[in-house]
Amino acid sequence: MTTRPPITLSIAGTDPSGGAGIHADLKTFTARKTMGTTVITALVAQNTHGVSRVYPVDVDFVADQFDSVLGDLPVDATKSGMLGSRDLVELVVARAAEGRLGFFTVDPVMIATSGHRLLETDAVDAVRTHLLPVADLITPNLPEAALLISDDEPEAQTTEAMRDQAGRLLERGPGAVLLKGGHGSDDEVIDILATSDGQVREFTHPRVTTMNTHGTGCTLSAAITAEVAVLGRERAAAAGGPADPAAPTGKDRSRAAIGSDLLGEAVGNALDFLARALNSAADWQLSLDPEGAHGPVDHQVDIVRDRPA
């Protein structure tokens with residue numbers, strides 16, 4: 001009898017400093033016990049001080065990467081991060097419509113923490129109108145959620161406003177919305193998970209006071225994607241389902257197979273992992289010039305390794 005680990009796919013740009021993008025996603029996929037694969041959309045020169053240059057990958061080569069992965073491997077769950085252009089958004093939408101991405105998480109990366117724009121202006125509408133409807137889950141932060149609703153929508157300042165915006169984003173077609181409250185200023189961080197079956201759930205964590213927050217959005221969306229892949233296969237096996245449930249499913253069947261309870265468990269597990277990773281790296285100083293630097297979280301927090309005596 002053959003077996004395999006859960007397989008996850010990240011569609012995103014690079015980060016040579018290792019804290020965000022493809023690099024953070026692969027670390028997270030490994031930490032959460034899946035085999036990570038990638039489709040690289042851009043080569044990004046960045047570090048703990050920000051993005052200095054973006055070199056887009058040709059759309060036809062991105063398509064070739066998709067063909068290489070999806071033509072060979074049964075992907076259980078996928079996340080997208082930095083897409084950059086309208087053409088790339090439309091390519092990802094087309095591949096999602098083919099039904100081979102498994103559960104599909106969209107992290108709507110638009111602007112880096114440093115202020116560098118990572119999504120062309122004319123691509124925002126394509127994300128709103130074409131990408132969101134093919135997503136099983138979207139994970140915007142407060143400014144991203146406002147921009148996804150409209151150009152003049154103010155950022156949510158209260159939990160009630162977050163719930164309202166999450167509901168309005170659901171109207172654009174995704175299966176679920178995790179509206180992240182990390183950009184707020186309260187001592188507690190509240191994240192809102194709203195699903196298309198009408199359920200709304202709040203997750204609360206103490207805010208970790210640290211400058212090392214580089215790549216938190218990438219890490220969280222990757223962790224959720226990995227958790228869905230692992231839990232989905234475990235549930236299918238426990239229910240006597242097929243040995244390899246990652247056969248092409250299509251968007252609607254993917255949502256039905258996952259369900260709100262499993263997604264809520266996946267989100268809770270991923271948020272707990274991110275909290276541990278933030279706390280573990282809270283006092284790190286990695287940069288040669290620590291003034292204004294935002295270091296990464298500790299993706300290896302749950303992995304046994306040698307530590308100083």
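Here the structure is a predicted model, which means the values were calculated and not measured.
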Check your understanding: Has D122 got more than 12 heavy atoms of other residues, nucleotides or ligands less than 6.0 Å from its CG?
Key -> yes
Point to revise | Side-chain donor/acceptor of T216 to backbone N/O of T213, under 3.5 Å | key: yes
Check your understanding: Between the side chains of S280 and D298, is a donor N or O closer than 3.5 angstrom to an acceptor N or O?
Key -> yes
Check your understanding: Is there a donor-acceptor pair closer than 3.5 Å between any side-chain N or O of R128 and the backbone N or O of L147?
Key -> yes
Exercise for review: State plainly whether the residues R4 and D76 are in salt-bridge range, i.e. N to O under 4.0 Å.
Suggested key: yes
**Study point:** L169 CG to I192 CD1 distance, which is reported to the nearest 0.5 Å
**Key:** 12.5 Å
Check your understanding: Between V297 and N212, what is the shortest heavy-atom contact and its length?
Key -> CG1-O, 3.9 Å
Point to revise | ILVMFWY cluster, V124 and L131 together (side-chain gap under 4.5 Å) | key: yes
**Study point:** Verify same cluster id: V189, L178 (apolar side-chain graph, 4.5 Å)
**Key:** no
Exercise for review: Give the intermediate values and the outcome of side-chain contact (heavy atoms from CB on, under 4.5 Å) for residues E227 and V267.
Suggested key: CA-CA 8 Å; E227 289 290 333; V267 169; over 6 Å; no
Practice item. Side-chain contact test, heavy atoms from C-beta onward, threshold under 4.5 Å: evaluate it for H130 versus R86 and give yes or no. Key: yes
Review point. Are D87 and S85 close enough that a side-chain donor and a side-chain acceptor fall under 3.5 Å?
Key: no
Check your understanding: Taking the side chain as C-beta and beyond, is there a heavy-atom pair between D136 and I258 under 4.5 Å?
Key -> no
Practice item. Would you check if there is a donor-acceptor pair between the side chains of S221 and T105 at a distance under 3.5 Å? Key: no
Practice item. Taking all heavy atoms of I149 and all of R172, pick out the closest pair and write down the distance. Key: O-NH2, 2.8 Å
Practice item. Begin from the C-alpha positions of L137 and L263 and carry the test side-chain contact (heavy atoms from CB on, under 4.5 Å) through to its verdict. Key: CA-CA 9 Å; L137 170 70; L263 180 58; 4.3 Å; yes
**Study point:** Non-hydrogen side-chain atoms of L148 and P108 separated by less than 4.5 Å
**Key:** yes
Review point. Does D58 use its side chain to pair, donor to acceptor, with the backbone of F61 at less than 3.5 Å?
Key: no
**Study point:** Reported OG-to-CG distance for the pair S260 and D197, which is rounded to 0.5 angstrom
**Key:** 3.0 Å
Exercise for review: Indicate yes or no: at least one non-hydrogen side-chain atom of Y55 is less than 4.5 angstrom from one of V44.
Suggested key: no
Practice item. Answer yes if V230 and F103 sit in the same cluster of Ile, Leu, Val, Met, Phe, Trp and Tyr residues linked by side chain heavy atoms under 4.5 Å apart, and no otherwise. Key: no
Point to revise | Minimum-distance pair of heavy atoms, taken over all atoms of V134 and A96 | key: CG2-CB, 3.9 Å
Check your understanding: Under 3.5 Å, is there a donor-acceptor pair linking the side chains of D15 and H214?
Key -> yes
Point to revise | I190 backbone acceptor or donor facing K180 side chain under 3.5 Å | key: no
Review point. Does the side chain of D152 pick up a donor-acceptor pair with the side chain of S150 at under 3.5 Å?
Key: yes
**Study point:** Q300 and K27: CA distance, side-chain angles, deciding distance, side-chain contact (heavy atoms from CB on, under 4.5 Å) verdict
**Key:** CA-CA 8 Å; Q300 295 176 266; K27 291 177 185 178; over 6 Å; no
Point to revise | Interatomic distance, L142 atom CG to Q157 atom CD [nearest 0.5 angstrom] | key: 8.0 Å
Review point. With the threshold set at 4.0 Å, does a side-chain nitrogen-carboxylate oxygen contact exist between D272 and R276?
Key: no
**Study point:** Considering all heavy atoms, the nearest Q46-P16 contact
**Key:** O-CG, 3.6 Å
Exercise for review: Please determine which of V39, V93, V57, T41 meets the side-chain contact (heavy atoms from CB on, under 4.5 Å) test together with L88.
Suggested key: T41
Point to revise | Backbone N/O of F29 and side chain of T34: donor-acceptor pair under 3.5 Å | key: yes
**Study point:** From CA spacing to verdict: side-chain contact (heavy atoms from CB on, under 4.5 Å), M35, T8
**Key:** CA-CA 6 Å; M35 190 191 97; T8 44; over 6 Å; no
Exercise for review: Run through V92, V228, L9 and flag the one making a side-chain contact (heavy atoms from CB on, under 4.5 Å) with F104.
Suggested key: V92
Exercise for review: Looking only at non-hydrogen atoms, find the nearest pair between V75 and L101 and report the distance.
Suggested key: CG1-O, 3.7 Å
Review point. Are I7 and T37 close enough that some pair of their side-chain heavy atoms sits under 4.5 Å apart?
Key: yes
Point to revise | Interatomic distance, I11 atom CD1 to D107 atom CG [nearest 0.5 angstrom] | key: 12.0 Å
**Study point:** Salt-bridge contact R235-E265 (side-chain N to carboxylate O under 4.0 Å)
**Key:** yes
Exercise for review: Could you grab the distance from atom CG of L170 to atom CG of L132, nearest 0.5 Å is fine?
Suggested key: 10.5 Å
Check your understanding: Are a donor atom and an acceptor atom from the side chains of T219 and H299 found within less than 3.5 Å of each other?
Key -> yes
Review point. Tell me, do L179 and N141 make a side-chain contact under 4.5 Å, heavy atoms counted?
Key: no
Exercise for review: For D72 and S68, indicate whether the former's side chain and the latter's backbone hold a donor-acceptor pair under 3.5 Å.
Suggested key: no
Review point. How close do H49 and S287 get, heavy atom to heavy atom, and via which atoms?
Key: NE2-OG, 3.2 Å
Check your understanding: Could R95 and E98 be called an ion pair, given the rule that one side-chain N must be under 4.0 Å from one carboxylate O?
Key -> yes
Practice item. Would you tell me whether E155 and Q165 have side-chain atoms, one donor and one acceptor, within less than 3.5 Å of each other? Key: no
Review point. Donor-acceptor pair, S52 side chain versus A45 backbone, under 3.5 Å?
Key: yes
Point to revise | Distance in Å, I22 CD1 paired with M82 CE, rounded so as to fall on 0.5 Å steps | key: 11.0 Å
Review point. Are a donor atom and an acceptor atom from the side chains of S10 and K79 found within less than 3.5 Å of each other?
Key: no
Review point. Any ion pair linking E188 and R207 (charged N to carboxylate O, less than 4.0 Å)?
Key: no
Point to revise | Cluster link L274 to M211, ILVMFWY, side chain under 4.5 Å | key: no
Check your understanding: Between T48 and G295, is there a donor-acceptor pair closer than 3.5 Å when you use the side chain of the first and the backbone of the second?
Key -> no
Exercise for review: Look only at the side chain of T139 and the backbone of G217, and say whether a donor-acceptor pair between them is shorter than 3.5 Å.
Suggested key: no
